[in-house]
Enquirer: 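Just passing along the structure, written as structure tokens.
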Number of protein chains: 2
Amino acid sequence: MKLRPQTVTLKDIARAMGLSIATVSKALRDSHEISPATKQRVCDYAEKHKYRPNLMAQMLRHKNGRSIGVIIGAIPNNFFSDVLNGMESVTFQKDYHFIITQSLESLQREKKNLEHLTWRAVDGLLVSLSAETQSIDHFKKVHESGIPIVFYDRVTNEIKTHQVVSDNVDGTYKGTMHLLENGFSRIAHITSSKELSITQERLIGYKNALEEKNIFFNNDYVKYCAHGGKDRDEVEEAIDQLLAMKPMPDALITASDRITISALAILKKKNISIPSQIAIVGYSNFSAPEVFQPELTTIHQPAFEIGRAAAELLIKLIETKRPPTKFEKRILPVELQVRESSLRVR
Amino acid sequence: MKLRPQTVTLKDIARAMGLSIATVSKALRDSHEISPATKQRVCDYAEKHKYRPNLMAQMLRHKNGRSIGVIIGAIPNNFFSDVLNGMESVTFQKDYHFIITQSLESLQREKKNLEHLTWRAVDGLLVSLSAETQSIDHFKKVHESGIPIVFYDRVTNEIKTHQVVSDNVDGTYKGTMHLLENGFSRIAHITSSKELSITQERLIGYKNALEEKNIFFNNDYVKYCAHGGKDRDEVEEAIDQLLAMKPMPDALITASDRITISALAILKKKNISIPSQIAIVGYSNFSAPEVFQPELTTIHQPAFEIGRAAAELLIKLIETKRPPTKFEKRILPVELQVRESSLRVR
DNA sequence: TTGAAAGCGGTACCAT
DNA sequence: ATGGTACCGCTTTCAA
């Protein structure tokens, strides 16, 4: 490509004005040791010639590039894209950049992404663990080297830092309770991989509701997707197993956007009618669940808020000189939106 | 935060091995002027101590940070998130990073994003114009300064460079023709802002189909959304106007994911039944349009491929020394997926 | 074959 | 108030 024309530098300004580089630098940074007159002249000149400090040079000096790295499951996923949107709303306003990497639920990619991001010298990390992740030593190492991390959604307690999650226990509790109160009792649960924090929390809510209603917890009703429902096959297998059970479950709680959508499509393909043969309550952040067939009862997470809060906490962590002694786990409320798919038909 | 511990640098290696910085640098870059023995020793040491060249320093030297900037309408949008996914598949593999900015269909944000990205010294840009954009002088300036750009989806011919789009003319043509052949003749079209390339192309396909069937083109059947259907209100207004017409349209072609989903939700709210009162064919990249009520006939764009092709072309542009004399406009085929929402009910 | 030294564009300390 | 200068980590002549 054609050579990038040098944008105007400190040196250019210094030469043009017969000042030293140091003076110009200080003038532009509004140092007290520069006379107002000089400051004015320098700033005017800089303004006129559209001076922009060279980011690389600044970064090279005091390692801080106003950028944060994000590790996310997958971009094309309603939940995550809302999260990203929330993060962007903060980073845009605070003049940070966020560099997005997808784990695609693979540990190997997660590690590679992490390497990449640290090499990029990001100032901090926003991380949601992949479905495959068990050991988090790779994050520990990075964190100990001084790069602040905030975990969101899929979190870990093994690293002492901020966390932002939605109230997963409550979400599944509400969903399950709603189904129970509508006369469903054989409630299946298709969820992500066993190791994830969200999986465990959601299972707790599920069990709590059953217990409260004195319904026996049947472990066979819980199906895990080792890859978080990345492929439809994973979900189809789970559904096949559930449909083969006797008695067959009469309701289903699906634990993520992907799993929910896949489940709807698969049940449709199999001509299982919802909710008469099986009712559904699904975690989903789709913008218009009322246009599904049937209208879908959803557990809606404040994805945008999660992203926003996580980004805010991280930037605070980055910009604060001394690390805080106490970290917060922010738990945002979820909302059960009742629609046709979970209501008894007479 | 705690000071980031210095990762090992050239200087460290040089001192440790009693060599000069220059020699180490050359050895690591496999220069011909270094003896194999020295090379070996240096590389071993570097490997063992996990030497990673400092990106900022490299960038400062020869402006190339292996990063590309993306301007996109909005992340939470099935079409765009698939596009991003396609881009990521390339950048990940080629060890580039992509920095995403959302225009949110606002010219002002588009400009600010552009400024931000150039300040970040990205090596190239992947751009889809915002719905508000008319003059593209801001891009011209950047492009003339030597930063390669590839336009995708919403493109412009005013800058000589590669373009990647889907076959918009054909998409709407197919959709319109399909409706006509199914007995619908008063076909409305809700689309994005007038200025966008996609809007114009889609309108051509629509007109072509009408003309071919000798149907009168009624300008009042075409409703523009100045903000690309960002808000549901915009779409609702268009629909209200259409419903108030006499005779009312009997079919509708919606020109984007957002518009399509909004239209479905609004018509549902208004208790207009699809397709008996009005049929719908919608541009959409939703992963499971068969779970909509009714199953939605879609014009499906190869969003992932668009992203992939655009990223590939851009990286080629970045890495090639001499700019090509001829640029290509890659037009990827779209697919009409016929489902219930566009079929005559008897 | 190896190394000294001059940048790249800023920042910051120390003189003047 | 202003300027000289060393340095951040790496690349690249040019000498040795």
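Throughout, protein chains are lettered first and strands after them, A, B, ... in sequence-line order, and every chain is numbered starting at 1.
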Enquirer: Considering heavy-atom distances to DNA chain D, does B:A22 or A:P36 have its closest nucleotide positioned more toward the 5' end?
Expert: A:P36
Enquirer: Looking at B:S35, I'd like to know whether one of its side-chain N or O atoms comes within less than 4.0 Å of OP1 or OP2 on C:dT1.
Expert: no
Enquirer: For C:dG10, does OP1 or OP2 lie under 4.0 Å from any side-chain N or O of A:Y51?
Expert: yes
Enquirer: Of the candidate nucleotides D:dC10, C:dC8, D:dT11, which contains the atom at the shortest distance from the side chain of B:A57?
Expert: D:dC10
Enquirer: Can you see if the side chain of B:Q58 gets near the phosphate of D:dG9 - specifically, an N or O under 4.0 Å from OP1 or OP2?
Expert: no
Enquirer: Output the single nucleotide from D:dG4, D:dG9, D:dT11 whose closest atom is nearest the side chain of B:T9.
Expert: D:dG9
Enquirer: Kindly indicate whether the side chain of A:R61 and the base of C:dG9 share any N or O donor-acceptor pair separated by less than 3.5 Å?
Expert: no
Enquirer: So, is B:S20 near the phosphate of C:dG3, with a side-chain N or O under 4.0 Å from OP1 or OP2?
Expert: yes
Enquirer: Measuring from the side chain of B:R29 (C-beta onward, heavy atoms only), which nucleotide among D:dT12, D:dC10, C:dG3 has the closest atom?
Expert: D:dT12
Enquirer: Between C:dC14, C:dG10, C:dG3, which nucleotide has the shortest distance from any of its atoms to the side chain of B:L19?
Expert: C:dG3
Enquirer: Any side-chain N or O of B:K39 less than 4.0 Å from the OP1 or OP2 oxygen of C:dT1?
Expert: no
Enquirer: At less than 4.0 Å, is any side-chain N or O atom of B:K26 found next to OP1 or OP2 of C:dG3? Yes or no.
Expert: no
Enquirer: C:dT2, C:dT11, D:dT11: which one has an atom nearest the side-chain heavy atoms of A:H62?
Expert: C:dT11
